[in-house]
A.B. asks: 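Dropping the structure in here first, questions after.
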Protein chains: 2
Amino acid sequence: MFSKACEYGIKATVHICIRSQQHERVSLKNIAEKIDSPIAFTAKILQSLAKNDIINSSKGAKGGYEMSEDNFNKITLLDIVKAIDGDNIYNGCGLGYKNCNAKKPCPMHFQFKSIRDDLKKMLETTTLQELADDINEGTSFLVR
Amino acid sequence: MFSKACEYGIKATVHICIRSQQHERVSLKNIAEKIDSPIAFTAKILQSLAKNDIINSSKGAKGGYEMSEDNFNKITLLDIVKAIDGDNIYNGCGLGYKNCNAKKPCPMHFQFKSIRDDLKKMLETTTLQELADDINEGTSFLVR
DNA sequence: ACAAACTCGGATAAATTTATCCGATATAGA
DNA sequence: TCTATATCGGATAAATTTATCCGAGTTTGT
């Protein structure tokens with residue numbers, strides 16, 4: 001469904017959000033350990049999340065990544081997915097046609113559209129804060 | 001969403017179904033031209049569809065691919081997707097965890113599950129016959 | 001029996017995604 | 001100012017997906 005880069009990006013952002021709620025900055029090393037991801041690859045993903053203003057990064061000693069409090073309930077899964085995988089997964093045609101629309105639909109168009117719309121809606125209504133809170137409450141689990 | 005191999009596989013099967021409704025066998029070359037796919041790559045995909053009993057292949061002169069009439073309304077999109085991409089897209093965890101379930105859910109688990117279930121339901125209730133009929137009626141389009 | 005028209009399947013190659021390495025640069029603290 | 005600790009970012013490598021090539025085998029029709 002999502003690329004590995006995107007999976008890592010979501011996990012990382014959730015972890016950063018949780019720690020930022022506790023006013024703690026986290027290092028790349030810490031993140032990669034927590035979410036069990038390759039460290040250097042994770043660095044690239046975090047860079048791109050930072051460039052997209054989803055997280056903030058600080059260089060140097062005591063540096064690391066954090067999320068601004070304002071962003072807790074502003075950033076959604078959609079922001080992350082869009083930044084890493086682009087919008088193809090919830091906007092693109094199921095058969096890969098570039099010119100597929102209601103006027104000239106591919107055979108799967110209408111069946112697919114409602115699923116894509118649901119997916120998009122889910123992504124854009126799920127905030128990082130919700131995800132973090134669930135984990136804090138023990139309702140869901142990031143680390144296995 | 002789906003791999004390119006899977007997209008080609010769906011398009012090819014729909015085309016084969018349409019021609020089989022007209023009692024015509026189609027060659028690899030004809031299929032690849034119609035669905036605008038790389039011919040040799042398409043051959044591999046057709047081989048795997050044939051091995052999964054979704055289509056039948058015949059070697060030699062006048063050979064090619066066809067679908068048995070019985071299969072028109074038996075084969076669904078799910079059969080094709082399962083044969084080519086596996087079941088991960090509608091069964092797998094959104095964050096890639098292998099041990100993600102209602103008892104130990106990942107942060108996206110429940111939001112995702114309903115979408116995956118919808119996707120699976122759509123795939124397993126859409127038959128090749130329906131797709132072919134829509135095209136025959138001019139309601140949808142395979143060739144652009 | 002032979003030739004033409006096909007698919008099969010193994011070996012490669014190209015493209016993309018995932019992953020690693022490392023020097024450059026920035027920051028905190030002694 | 002110096003050192004330890006971080007991220008940044010460019011180069012490279014490994015793995016996977018996509019795509020190509022071609023000889024072998026099969027079938028039809030002559």
Side-chain angles (χ1 to χ4, degrees), chain A residues 1-13 15-16 19-20 24-67 81 83-86 88-89 92 95-96, chain B residues 1-13 15-16 19 24-33 35-67 81 83-86 88-89 92 95-96:
Chain A
M1 193 98 182
F2 303 118
S3 68
K4 282 208 167 193
C6 194
E7 289 177 6
Y8 296 148
I10 293 170
K11 292 180 191 175
T13 310
H15 177 59
I16 293 166
R19 291 318 242 10
S20 289
E24 299 242 354
R25 200 179 266 170
V26 272
S27 68
L28 168 63
K29 187 158 168 273
N30 175 281
I31 294 169
E33 274 166 10
K34 276 286 174 190
I35 71 173
D36 190 31
S37 64
I39 185 160
F41 189 46
T42 307
K44 306 289 187 197
I45 296 161
L46 292 171
Q47 278 172 43
S48 118
L49 290 173
K51 274 184 188 148
N52 283 275
D53 297 315
I54 290 166
I55 57 175
N56 304 115
S57 69
S58 323
K59 286 186 174 183
K62 305 268 173 184
Y65 303 89
E66 69 202 328
M67 180 177 251
V81 171
I84 299 176
D85 279 354
N88 206 270
I89 197 173
L95 294 181
Chain B
M1 194 97 181
F2 304 118
S3 68
K4 283 208 168 196
C6 194
E7 289 177 6
Y8 296 148
I10 293 171
K11 291 179 193 177
T13 310
H15 177 59
I16 293 166
R19 291 318 241 12
E24 300 242 352
R25 202 179 263 169
V26 272
S27 69
L28 168 62
K29 187 158 168 273
N30 175 280
I31 294 169
E33 274 166 11
I35 70 174
D36 190 32
S37 64
I39 185 162
F41 189 45
T42 307
K44 307 291 188 196
I45 297 162
L46 292 172
Q47 278 172 42
S48 118
L49 290 173
K51 274 182 189 151
N52 283 275
D53 297 315
I54 291 167
I55 57 175
N56 304 116
S57 69
S58 323
K59 286 184 174 182
K62 303 266 174 183
Y65 303 89
E66 70 202 327
M67 181 177 250
V81 171
I84 300 177
D85 278 353
N88 206 270
I89 198 174
L95 293 182

A.B. asks: Could you state the OH-P distance from B:Tyr65 to D:dT26, rounded to the nearest angstrom?
C.D. replies: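 It is 15 Å, rounded to the nearest whole Å.
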A.B. asks: How close or far is atom P of C:dT18 from atom CG of A:Asp85, stated in whole angstroms?
C.D. replies: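 Atom-to-atom, A:Asp85 to C:dT18, this comes out as 8 Å.
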A.B. asks: Rounded at 0.5 Å granularity, tell me how far CD1 in B:Ile84 sits from OH in B:Tyr8.
C.D. replies: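 Spacing of CD1 (B:Ile84) from OH (B:Tyr8) equals 12.0 Å.
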A.B. asks: How do A:Lys62 and B:Val26 order along DNA chain C: which one's closest nucleotide is nearer the 5' end?
C.D. replies: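 Between the two, 5'-proximity favours B:Val26.
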A.B. asks: Both A:Ala61 and A:Lys44 contact DNA chain D. Taking the nearest nucleotide for each, which residue is further toward the 5' end?
C.D. replies: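 Of the two residues, A:Ala61 wins.
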A.B. asks: Nearest whole Å is fine: how far is D:dA6 P from A:Asn30 CG?
C.D. replies: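 The answer, rounded to whole Å, is 10 Å.
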A.B. asks: Output the rounded distance in Å from CD1 (A:Ile45) to P (D:dT7).
C.D. replies: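 From A:Ile45 CD1 to D:dT7 P: 14 Å.
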A.B. asks: Should the pair A:Glu7-A:Lys11 be classified as a salt bridge under the 4.0 Å nitrogen-to-oxygen rule?
C.D. replies: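 Judged by the 4.0 Å cut-off on N to carboxylate O distance, A:Glu7 and A:Lys11 do not form a salt bridge.
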A.B. asks: With a 4.5 Å limit on heavy-atom distance, are the side chains of A:Leu49 and A:Ile16 in contact?
C.D. replies: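 Heavy-atom side-chain distance check fails, nothing below 4.5 Å.
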A.B. asks: Establish, with yes or no, whether the OP1 or OP2 oxygen of D:dA19 is under 4.0 angstrom from a side-chain nitrogen or oxygen of B:Tyr8.
C.D. replies: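 True: B:Tyr8 side-chain N/O within range (under 4.0 Å) of D:dA19 OP1/OP2.
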A.B. asks: Between C:dG10 atom C1' and B:Gln47 atom CD, what is the distance in whole Å?
C.D. replies: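 Taking CD of B:Gln47 and C1' of C:dG10, I get 10 Å after rounding.
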A.B. asks: Which nucleotide in the list C:dG9, D:dG9, D:dT7 gets nearest to the side chain of A:Lys51?
C.D. replies: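 Comparing C:dG9, D:dG9, D:dT7 against the side chain of A:Lys51, the answer is D:dG9.
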A.B. asks: In whole Å, I'd like the distance from the CD1 atom of A:Ile31 to the P atom of D:dT7.
C.D. replies: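 Interatomic distance, CD1 of A:Ile31 to P of D:dT7: 8 Å.
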A.B. asks: Donor-acceptor pair, distance only, cut-off 3.5 Å: does the side chain of B:Asp85 make one with the backbone of B:Ser3?
C.D. replies: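 Indeed, once roles are kept as given, a pair shorter than 3.5 Å links the two residues.
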A.B. asks: Do the side-chain N or O atoms of B:Ser58 get closer than 4.0 angstrom to the phosphate oxygens (OP1, OP2) of C:dC6?
C.D. replies: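 No, because none of the side-chain N or O atoms of B:Ser58 sits under 4.0 Å from OP1 or OP2 of C:dC6.
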A.B. asks: Separation of A:Ile84 atom CD1 from C:dT16 atom C1', in whole Å?
C.D. replies: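 Computing the A:Ile84:CD1 to C:dT16:C1' distance gives 17 Å.
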A.B. asks: What's the CZ-C1' distance between A:Phe41 and D:dA14, to the nearest Å?
C.D. replies: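 The distance from CZ of A:Phe41 to C1' of D:dA14 comes to 12 Å, rounded to the nearest Å.
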A.B. asks: Is any side-chain heavy atom of A:Cys6 closer than 4.5 Å to one of A:Met1?
C.D. replies: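 In short, these two side chains do not touch, never coming nearer than 4.5 Å.
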A.B. asks: Tell me which nucleotide among C:dA19, D:dG29, D:dA19 gets nearest to the side chain of B:Lys4.
C.D. replies: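 The listed nucleotide nearest to B:Lys4's side chain is D:dA19.
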